[in-house]
Participant: 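First the structure, which I've put down as structure tokens, then a few questions once you've had a look.
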Amino acid sequence: MRHLISINDLLEDELKNLLDVSDDIEANPQKYRSVMDQKVLTNLFYEPSTRTSSSFHSAMLRLGGSVIQINEVQYSSVSKGENLQDTILTIGSYSDFIVLRSQYAGDAKIASEASQVPVINAGDGAGEHPTQALLDLRTIYKNKGALEGMKIVFVGDIANGRTVHSLGSYLQNNNECHYFESYEDMTSELSDADVLYMTRVQTERGSTESYELTRDHVDVLSKECIVMHPFPRNDELPRWFDLDPRAKYIEQMKHGLFMRMAILTTLE
Ligand code: NCD
């Protein structure tokens with residue numbers, strides 16, 4: 001049994017394999033349509049989610065399995081004081097995978113230590129979000145043809161950004177990574193950036209910054225620089241940029257579906 005708690009859990013050839021399998025799934029979906037026959041995945045979400053939850057849901061259905069969706073934890077025994085471990089043991093009795101999103105960094109690890117089925121970290125507080133990093137890596141690889149030797153500029157709520165923690169943790173080994181909490185400071189690093197990775201201000205974790213991508217920033221970007229964002233976006237990423245060919249954040253969502261199908265297929 002394998003869990004996916006941190007991006008650092010993955011070996012280099014496992015990442016390569018996930019990229020290959022996700023390509024094969026995209027090219028030959030019929031080959032995979034019953035590989036999860038009779039399998040059940042539980043989406044256990046203690047925090048809101050649109051993309052992560054629905055893409056895992058869609059991934060499991062497209063692989064022939066079923067999904068138990070638990071969003072409103074106030075309707076389960078958690079509101080009666082049940083601890084995470086007991087919740088995980090219970091859900092593991094009824095399902096073959098647990099996709100967990102929680103408010104606290106470290107919860108996914110605690111859950112995996114208690115669990116009898118694979119636990120996939122779908123975001124643990126301000127900790128990590130490894131499956132987002134994997135879909136981000138697929139996006140970069142598809143657009144740039146490499147995962148090394150690039151300049152990556154991260155901007156936004158770096159301290160609270162779990163997607164940045166996971167993606168940066170992988171990329172920093174073989175790339176030049178720059179992290180900015182303010183949009184003013186980053187301008188000098190934009191002209192030769194290969195990837196601009198933006199995130200929102202996480203007000204629910206106490207952040208109060210405000211910033212916005214401006215036309216001046218965009219004018220500095222090279223023609224080849226891709227702009228990514230895990231979403232949800234707020235004011236930092238204006239909609240007028242959506243039609244720019246460098247905007248890859250809608251494409252990222254599609255990569256999320258194929259990558260999560262690949263993750264489920266290979267974790268089993
Ligand atoms: C992110 C998350 O939940 O960490 N969303 C996502 O999964 N795509 C980013 C965020 O909430 O800002």
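Hydrogens, waters and symmetry mates are skipped; everything else that's a heavy atom, side chains included, is used. One-based numbering, in listed order, for ligands and for the atoms of each. None of the values given here were measured: they were computed from a predicted structure.
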Participant: Classify the ring geometry of His229 against Phe231: parallel below 30°, tilted from 30° to 60°, perpendicular beyond 60°.
Facilitator: perpendicular
Participant: As an exercise, state the distance from NE2 of His129 to OG1 of Thr52, rounded to the nearest 0.5 Å.
Facilitator: 3.5 Å
Participant: Under 3.5 Å, is there a donor on one side chain and an acceptor on the other for Glu224 and Asn143?
Facilitator: no
Participant: Can you list, by chain and residue number, every protein residue with a non-hydrogen atom closer than 4.0 Å to ligand 1?
Facilitator: Thr52, Arg101, His129, Gln132, Arg162, Thr163, Arg200, Gln202, Pro230, Phe231, Pro232
Participant: Between atom CE of Met60 and atom CZ of Phe97, what is the distance when rounded to the nearest 0.5 Å?
Facilitator: 5.5 Å
Participant: Checking side-chain polar atoms at under 3.5 Å, does Tyr197 have a donor or acceptor matched by the opposite partner on Asp136?
Facilitator: yes
Participant: Side chains of Ser207 and Asn160: is there a donor and an acceptor less than 3.5 Å apart?
Facilitator: yes
